[in-house]
Amino acid sequence: MSGRPSIVDPALTRLTGVLLKTAFRQLFRHLKSPAGAFVGLMVLGTVGMGLMPMIVATQTGALDEIKMYSTVTSAIPLMMLLIVAMAVYFDIGQQITELRPPELQFVLAGPFTDHQILSYRLMTLAMTWVVSSCLMSVFALPRAGSYLSAVLAIYTGGMTVTGLTTLHAFSKPILASWLRTLIASTLLGSVALLLISSLPLGMTEDGFSWQTWLLSCQSSPIGSIMTLPFEPFANLMQAPIGFSMLGWFALCVAFLVTVFGLCYRINVGFAEMAVEGVSRKKVRIERMRSGQFGRVKKTERRSTWKLFEFPWFGGAGPVAWHQVTFTIRRNGTLVIGLWAIAVATGLGLMIFQIFRPGAIHPNFREWSMPIAMAASTYLGFLLTMSQPVGLAMTPKRLSWFRMLPVHPLAIVLGMLAGHLVLLLSIRIAFAVVAAFITTRGLGENLAVFQAGCALDFAYASAINLVTAGTVLRAMPSGTPDVLQGGRTMLYMFVLSLAMVPSFIVAGIAGALAAVTTDMDREMIVVAVGAGLIAFQPLIWWLTSVFFRDRELFQAD
């Protein structure tokens, strides 16, 4: 018997199997309950609605003439290069060393080598990526050689990206900090320079084409060299089932094995990095639950920024002041940065249009304000859904608000300010960009903008209604479990239902305006926004009733 330990320990392999069985056992136990069955049906329905149209379109050939799918499939090497550059720059690979706290008691406390612990982490990642690859491959069907080719390409490509970022993370004990930073910055800077310098290649007779830009960037002399290691994955996806697919698959596997072989070669001190990763993960989860995103700050400082006092307004003023102050102190840097980027982008587009007339498509310029409002709605949804502001604050803080000597309706009105200050800031930033290039009149643009602001009021009101009337939260408290993602999806579903009455009233108002004004677009948009606002007092009153009558005590 050799004294050299094996690279895979049987105990850790058994632990991986036990964790997998436990996850399925917990899932089935939850599905047996009515609430769990409902969540499961919602998840299956959501996934099915997302995948079925793509499958039908692939079988009928409805997407054959759409350039986007062929471009995305052909530009896989460039996309993989960009993902690797960003992952290395932000040091995403360090997350592979993050073990869950319960795993520390067995994995790090046991007599396992760094290589064996790395093998355990890779096995768990490999099993997780199988499900993701099978789902993502459906969206690649229109241009893939076969479903099997798409699955193999996405699986090996994803694991290769993981291996490259992990390789950079494992270099931390070997390379100096400045050298690692230099490598990461150089890689990302080179990719950014490649993309920016290739912008003129995207110009066509009809204006700028992002499909032409990506393909030309990838096929340029420098782009061909930089994306060469990732070409086999694109070829594997486009290869039909046969010997060519097997050949490209063997090449992709060889590249993957080489990358992970280098990870094992330089793997030093994995146990120490795992302990550090657990601490980092705990801090990140706490920051997410408190509404803070981004990197963990190494030094904390107390803000001295102070907002002017609001009028009393029946008690709603002080509550709104608290919410606005809380939100700006937490997201002030984001808001200021977003406004700065908006002004710079708008000026850049305007100057670009002056020197290159017609470069921006006329249809895009005409619809720039509606597009900006749609984009700001999506971004606002992502950034505010899990923010602990308004009635989505922790029960401990809500109990304090309930003790205020003011009417519950005043508290509900004041609580709207937390979400609105962030939503309207995002809305204004996108509107500034559109204002620089739009060809529509001021009246139409203002009408579209006020409709977007009215939607923000309806969305903030719906969040308060759902969080006051139910125990659902976008970011659940307590220890995460297998159904945490399902609860989040259920929250989103209930939130969308809470906005249906507002949409119905807005639709009726828009229809009446269309009939009475002979389809005047400006008046229709104004009527839709007015309908959204007009229905909100009923939502606010209902929310105040829930907030007054519902018991807020629950474990944080």
Side-chain angles (χ1 to χ4, degrees), residues 206-208 335-336 338-381 383-384 413 416-417 419-462 499-540:
D206 298 329
F208 182 80
V335 171
I336 295 175
L338 193 61
W339 283 350
I341 293 175
V343 174
T345 304
L347 287 174
L349 291 175
M350 184 179 67
I351 296 173
F352 184 71
Q353 178 65 22
I354 292 175
F355 287 97
R356 296 293 298 271
I360 303 178
H361 200 280
N363 290 337
F364 180 81
R365 297 186 62 190
E366 180 183 1
W367 294 93
S368 59
M369 186 61 72
I371 292 173
M373 293 299 97
S376 60
T377 299
Y378 179 72
L379 181 60
F381 170 77
L383 295 181
T384 59
L413 292 176
L416 289 171
H419 285 109
L420 287 178
V421 67
L422 188 55
L423 288 170
L424 294 178
S425 298
I426 297 172
R427 186 79 62 187
I428 293 172
F430 278 81
V432 167
V433 177
F436 278 102
I437 61 174
T438 182
T439 56
R440 296 197 179 201
L442 179 62
E444 280 194 76
N445 288 326
L446 288 179
V448 175
F449 178 74
Q450 68 85 27
C453 295
L455 180 61
D456 291 338
F457 273 91
Y459 176 60
S461 302
M499 297 188 67
V500 168
S502 300
F503 289 151
I504 293 176
V505 175
I508 294 175
L512 292 175
V515 173
T516 57
T517 62
D518 195 19
M519 300 299 294
D520 188 328
R521 291 190 302 183
E522 183 175 339
M523 294 305 301
I524 293 174
V525 174
V526 171
V528 168
L532 285 173
I533 294 295
F535 187 74
Q536 297 316 303
L538 179 59
I539 299 293
W540 300 335

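The shown structure was predicted, so the numbers you read here are calculated from the model rather than taken from an experiment. Every heavy atom of this structure was used, including side-chain atoms; hydrogens, water molecules and symmetry mates were not.
- Closest heavy-atom contact between Glu366 and Arg440: O-NE, 2.8 Å.
- Contact between Ile426 and Ser376 at its shortest, heavy atoms only, is CG2-O, 3.8 Å.
- Under the 3.5 Å distance criterion, the side-chain polar atoms of Gln450 are matched with a main-chain donor or acceptor of Val525.
- With contacts defined as side-chain heavy-atom distances shorter than 4.5 Å, the pair Phe503/Leu532 qualifies.
- Rounding to the nearest 0.5 angstrom, the gap separating the CD1 atom in Ile539 from the CE atom in Met499 is 9.5 Å.
- Note that CG of Leu416 and CG of Asp456 are 11.5 Å apart. Values are rounded to the nearest 0.5 Å.
- Counting all heavy atoms, side chain and backbone alike, Gly531 lies closest to Val505 at O-CG1, 3.6 Å.
- Within the model, atoms CG of Leu422 and CG of Leu338 stand 9.0 Å from one another, a figure rounded to the nearest 0.5 Å.
- The environment of CZ in Phe457 is sparse: at most 12 heavy-atom neighbours from other residues, nucleotides or ligands sit within 6.0 Å.
- Here the CG atom belonging to Leu424 is positioned 5.0 Å from the SG atom belonging to Cys453, to the nearest 0.5 angstrom.
- Panel note: side chain Thr516, backbone Leu512; a donor-acceptor pair is recorded below 3.5 Å.
- Pairing each heavy atom of Val526 with each of Ala447, the nearest pair is CG2-CB, 3.7 Å.
- Between the side chains of Trp339 and Ser425, no donor-acceptor pair of N or O atoms lies under 3.5 Å.
- Between the side chain of Arg427 and the main chain of Gly452, a donor-acceptor pair closer than 3.5 Å is present.
- For the pair Ala372 and Phe430, the tightest heavy-atom approach, listed with the atom from each and the gap, is CB-O, 3.5 Å.
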Report, one line per pair, each donor and acceptor closer than 3.5 Å where one atom sits in a side chain of residues 342-350; sequence neighbours left out.
unit_1: Thr345; atom_1: OG1; unit_2: Ile341; atom_2: O; d: 2.7

message: Evaluate Ile428 against Phe449 for side chain to side chain contact (heavy atoms under 4.5 Å, CB included), listing each step before the verdict.
response: CA-CA 9 Å; Ile428 293 172; Phe449 178 74; 4.0 Å; yes

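- The heavy-atom pair separating Gly529 from Ala454 by the smallest distance is O-CB, 3.4 Å.
- A distance of 9.0 Å separates OG1 in Thr439 from CD in Glu444, rounded to the nearest 0.5 Å.
- Here Ser368 contributes atom OG and Asn445 contributes atom CG; the two are 6.5 Å apart, rounded to the nearest 0.5 Å.
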